[in-house]
2 protein chains.
Amino acid sequence: MLRIGEVAARAGVSVRALRYYEEQGLLEAERTPSGQRRYPEGAVGRVRFIQQMYAAGLGSADVLEVLPCVHTGVATPEMLARLVEQRDGIDRQVAELTQARERLDEIIRIGEEHVPGARSVTASPRR
Amino acid sequence: MLRIGEVAARAGVSVRALRYYEEQGLLEAERTPSGQRRYPEGAVGRVRFIQQMYAAGLGSADVLEVLPCVHTGVATPEMLARLVEQRDGIDRQVAELTQARERLDEIIRIGEEHVPGARSVTASPRR
DNA sequence: CTAAGACCTCACGTTGACGTCAGAGTCAAC
DNA sequence: GTTGACTCTGACGTCAACGTGAGGTCTTAG
């Protein structure tokens, strides 16, 4: 059983963040008689997943909806629908980002033309 | 010359947003003698660009750095560097999003396996 | 035994991109 | 000339994911 600081360090987040996740119902912890939190090893991966979802633009409530599937590996049709919805949301985001990237690239190309002396930091082909 | 409401409608943002952009130095407007803002047609496209950059995760300050190039079409080496930096930031974001998407997809697949032809939409299974 | 870290619970502060309300002036139509 | 839609400037509110003390308890190495 890990202490909160240990989990935070391994997952690359702050202690405060972990307490916040608990507050949001995203992360549970056992307690020692004195009230200190103790986490199983799996908590680290769980926290990483939460971070990943945040990075994908989901809010705490969305993550909360999605988490049961991750934990149990089983999903109701409802949950599946939500998962698919979130995935599609990410897809839309990627599309937007890609558009923005194209836009910037275009500006960069034009800029390079107009400042010929500059070291050519040519556009890396998008994967 | 367009009025602020017209620009807002065409660009799909709120009037408040336009005034905020002005406050941030992202969007300039002429003024009628009575003080009302009047925008040229190009403002709509400019606003769309700003929105796109926000969607890409840039803050007002970042957009402000990038905008001169868009406007003038000319870039100093410094500006180019910033542009490239922002573009790479977007690339990193896309990578993260793609990872998150994969993760969700994986969970969806597993979930589908465990609920192959289920029709229990109504009965909430007790957890 | 003791001192230094870790940890605990409030609870207020932060940041960014606006929302929203108040009170007042402006413009086009009827 | 008056109504009603539009606009103006402040200025406070919002929401999310934490940051940051304050004041006190726990644990453990020496």
Side-chain angles (χ1 to χ4, degrees), chain A residues 1-40 43-44 46-67 86 89 93 96-97 100, chain B residues 1-40 43-44 46-67 86 89 93 96-97 100:
Chain A
M1 296 299 253
L2 305 167
R3 309 180 65 164
I4 192 171
E6 186 69 18
V7 176
R10 290 198 197 175
V13 304
S14 71
V15 167
R16 175 69 172 96
L18 297 184
R19 293 202 265 253
Y20 175 73
Y21 297 162
E22 184 173 321
E23 205 176 317
Q24 301 300 307
L26 300 175
L27 188 62
E28 27 178 45
E30 289 179 36
R31 298 294 185 120
T32 68
S34 69
Q36 296 202 352
R37 295 172 179 82
R38 289 301 130 95
Y39 298 88
V44 177
R46 200 178 169 92
V47 170
R48 289 219 178 94
F49 177 79
I50 295 174
Q51 286 284 100
Q52 210 164 21
M53 292 304 110
Y54 279 152
L58 310 210
S60 293
D62 302 315
V63 181
L64 191 56
E65 277 184 350
V66 162
L67 262 177
Q86 296 299 349
Q93 259 193 81
E96 275 189 16
L97 284 180
Chain B
M1 295 300 251
L2 305 168
R3 308 179 64 167
I4 192 171
E6 188 68 20
V7 177
R10 289 198 198 176
V13 305
S14 71
V15 168
R16 176 66 172 97
L18 295 184
R19 292 201 265 252
Y20 175 73
Y21 298 162
E22 185 174 318
E23 204 176 317
Q24 301 300 308
L26 300 175
L27 188 62
E28 30 179 42
E30 289 179 35
R31 298 295 186 120
T32 69
S34 68
Q36 296 201 352
R37 296 172 178 83
R38 290 299 131 97
Y39 300 88
V44 177
R46 200 177 168 93
V47 170
R48 289 219 177 93
F49 177 78
I50 295 174
Q51 286 284 94
Q52 209 164 23
M53 292 304 109
Y54 279 152
L58 311 211
S60 293
D62 302 315
V63 180
L64 191 57
E65 278 184 349
V66 163
L67 262 177
Q86 296 299 349
Q93 258 193 80
E96 275 189 15
L97 283 180

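Given the structure is predicted, the values throughout are model-derived calculations rather than measurements. Labels below follow one simple rule: chain letters A, B, ... track the order of the sequence lines, proteins then strands, and each chain is numbered from 1.
- Counting only heavy atoms from C-beta on, B:R37 has its side chain closest to D:dC8 among D:dC18, D:dA17, D:dC8.
- Per the geometry, CG belonging to A:L64 stands 15 Å off C1' belonging to D:dA17, to the nearest Å.
- Distances shorter than 4.0 Å separate some side-chain N or O of B:S60 from OP1 or OP2 on C:dA17.
- A side-chain donor from one of B:S60 and B:Y54 sits under 3.5 Å from a side-chain acceptor of the other.
- Ion pairing between B:E6 and B:R10 holds under the 4.0 Å rule for side-chain N and carboxylate O.
- Across all strands, B:L58 comes closer than 4.0 Å only to sugar-phosphate atoms, never to a base (heavy-atom distances).
- Distance alone, capped at 3.5 Å, places no donor-acceptor pair between the B:Q36 side chain and the B:R3 backbone.
- Between A:R31 and B:Q36, the residue whose closest nucleotide on DNA chain C is further toward the 5' end is A:R31.
- Side-chain N/O atoms of B:S34 include none lying less than 4.0 angstrom from OP1 or OP2 on D:dT7.
- Here the P atom of nucleotide C:dA17 and the CG atom of B:L27 are 15 Å apart, to the nearest Å.
- At a cut-off of 3.5 angstrom, the base of C:dT20 holds at least one donor-acceptor pair with the side chain of B:R16.
- Across all strands, B:R19 comes closer than 4.0 Å to base atoms (heavy-atom distances).
- Heavy-atom distances to DNA chain C give each of B:Y20 and B:R3 a nearest nucleotide, and the one nearer the 5′ end belongs to B:Y20.
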